[in-house]
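Have a look at this one.
None of these values were measured; they are calculated from a predicted model. Below, chains carry the letters A, B, ... as their sequence lines are ordered, and counting in each starts from 1. The analysis underlying the following values was restricted to heavy atoms, covering all of them including side chains, and did not include hydrogens, waters or symmetry mates.
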Amino acid sequence: MCARFSLFSGRARLARLFQVPDLPEFEPRYNIAPSLDVLAIVAGPSGREGHWMRWGLVPFWADDRKVGLSLINARGETVAEKPAFRRSFEKRRCLIPADGFFEWETIAGKKQPHFIRARDGEPLALAGLWERWHGEDPPLESCTIITTSSNAVIEPLHDRMPVILPEAHFDEWLDPESDRQRLLRLITPSDDELLIEYAVTPKMGNTRYEAPDAIEPIGTQGSLF
DNA sequence: CCAGACGTTGTT
DNA sequence: GTCTGG
DNA sequence: CCAGACGTTGTT
DNA sequence: GTCTGG
């Protein structure tokens, strides 16, 4: 799955990779949690745009925004059919920039977080969906991250991972006119060679722990007990 | 027909 | 809004 | 995902 | 144990 991630690459680098000229300013964030605002790249009327959106998709038919709090991930296998995601999958796909994400390994009842990032240090593009909810003014924009089965790097930690799109697929993913069957084929675990993972401080389990060392490798000896 | 759900994950 | 269960 | 709360009443 | 907030 994907329930915590980081975004610390600078605005210029993201603007270049995602081809969004006017990205908003923001501080590096090492511990982004559900319910917080995240940066989402969407297809606008005249090119790509960066929007801040609440992480946890609130479907357009929801009675209140709380409905969306658990919808932080959407299973790629069913995203085209589920009532909560179907419309977004058809018309509102997005890319969520991330420099890496966290997964927790459970060892003898203890939780050990790991950070997963690109081997080459480039930011990742997580495949997402978004929605606009008119239950408040201004309307709330929210999003979710699509998950799929794990690749060989993640598998020892977890059986699910976020869908990571290569740059060559950005256009197809964002284009509202894209063919459904072709889109579904993009929902697949990333190549094993793309990612590396390592253990990080369990202190980052607290969402208020936002120090840069949240993503630094720690020795596996002595850190758990 | 109306009422009620609509989601993922991990853990037991 | 739309599907499912009763 | 993890951490932290987990309640009611009346009044402003 | 389970829900809410981040």
Nearest-Å distance once atom C1' is located in both dT8(B) and dC2(D): 16 Å
P gap between dT2(E) and dT9(D), integer Å: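 It works out to 25 Å between them.
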Ring-face cation of Arg11(A) near Phe26(A) (centre distance under 6.0 Å, axis angle within 45°):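 Cation-pi check for Arg11(A) and Phe26(A): fails.
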Residue whose nearest DNA chain B nucleotide is more 5′ - Glu103(A) or Pro83(A): Pro83(A)
Distance between P atoms of dT11(B) and dA3(D) (Å, rounded): 13 Å
Distance test, side-chain N/O of Thr147(A) to OP1/OP2 of dG7(B), below 4.0 Å: no
Carboxylate-amine/guanidinium contact Glu141(A) Arg54(A), below 4.0 Å: no
Plane angle bin for Tyr30(A) and Phe8(A) - parallel if under 30°, tilted between 30 and 60°, otherwise perpendicular: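 Geometry flag for Tyr30(A) against Phe8(A): parallel rings.
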Phosphate contact (dT11(B) OP1 or OP2) by Thr106(A) side-chain N/O below 4.0 Å: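 For dT11(B), OP1/OP2 do have a side-chain N/O of Thr106(A) under 4.0 Å.
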Whole-Å distance separating the CZ atom of Arg160(A) from the P atom of dT9(B):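 Atom-to-atom, Arg160(A) to dT9(B), this comes out as 5 Å.
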Touch class at under 4.0 angstrom, heavy-atom based, for Pro34(A) against every strand present: base
Sugar-phosphate, base or nothing in reach of Arg87(A), heavy atoms under 4.0 Å: nothing
Close aromatic pair by centroid cut-off 6.0 Å: Phe5(A) and Phe102(A): no
dG10(B) OP1/OP2 closer than 4.0 Å to side-chain N/O of His158(A):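 For dG10(B), OP1 or OP2 has a side-chain N or O of His158(A) closer than 4.0 Å.
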Spacing between Trp55(A) atom CH2 and dT9(B) atom C1', to the nearest angstrom: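 Rounded to whole Å, this separation is 13 Å.
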Separation of dC6(B) P from Phe85(A) CZ (nearest whole Å): 12 Å
N-O pairing of Arg13(A) and Glu122(A) below 4.0 Å: yes
Heavy-atom pair with the smallest gap, counting every atom of Gly44(A) and Glu49(A): CA-OE2, 3.5 Å
Pair partner, dC2(B) [Watson-Crick or wobble, under 3.5 Å]: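 Check on dC2(B): paired to dG5(C), both distances under 3.5 Å.
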Atom P, compared across dC6(B) and dT4(E): separation rounded to whole Å: 16 Å
Distance, rounded to the nearest Å, where Glu105(A) contributes CD and dG10(B) contributes P: 13 Å
Pairing nucleotide - dG7(D), Watson-Crick or G-U, each distance under 3.5 Å: none
Nucleotide nearest Leu71(A) (side chain, heavy atoms from C-beta), chosen from dC1(D), dG6(E), dG7(B): dG7(B)
Atom-to-atom span, CG of Leu36(A) to C1' of dG6(E) - whole angstrom: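 To the nearest whole Å, that distance equals 5 Å.
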Length of the line joining Glu131(A):CD and dT2(C):P, which is rounded to integer Å: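 Going from Glu131(A) (CD) to dT2(C) (P), I get 13 Å.
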Separation of atom CG in Leu57(A) from atom P in dT9(B), rounded to whole Å: 15 Å
Ring-base stacking, Trp61(A) with dC6(B) (5.5 Å, 30° cut-offs): yes
Nearest-Å distance once atom C1' is located in both dG7(B) and dC1(D):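 Each nucleotide's C1' atom is 15 Å from the other's.
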Sugar-phosphate only, base, or nothing, as touched by Asp159(A) at under 4.0 Å among non-hydrogen atoms: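 Since only primed, P, OP1 and OP2 atoms lie under 4.0 Å of Asp159(A), the category is sugar-phosphate.
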Contact under 4.0 Å: Lys111(A) side-chain N or O vs dC1(D) OP1/OP2: no
Phosphate OP1/OP2 of dT8(B) contacted by Thr144(A) side-chain N/O (<4.0 Å):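 Answer no for this pair, as no side-chain N or O of Thr144(A) is under 4.0 Å from OP1 or OP2.
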OP1 or OP2 of dC6(B) under 4.0 Å from side-chain N/O of Arg86(A): no
Distance test, side-chain N/O of Arg4(A) to OP1/OP2 of dG6(E), below 4.0 Å: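 No.
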For atom CE of Met161(A) and atom C1' of dC1(D), their distance in whole Å: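 From Met161(A) CE to dC1(D) C1': 16 Å.
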Charged N-O contact under 4.0 Å between Glu210(A) and Arg29(A):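 Salt bridge flag = no for Arg29(A) with Glu210(A).
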Nearest-Å distance once atom C1' is located in both dG10(B) and dG1(E): 15 Å
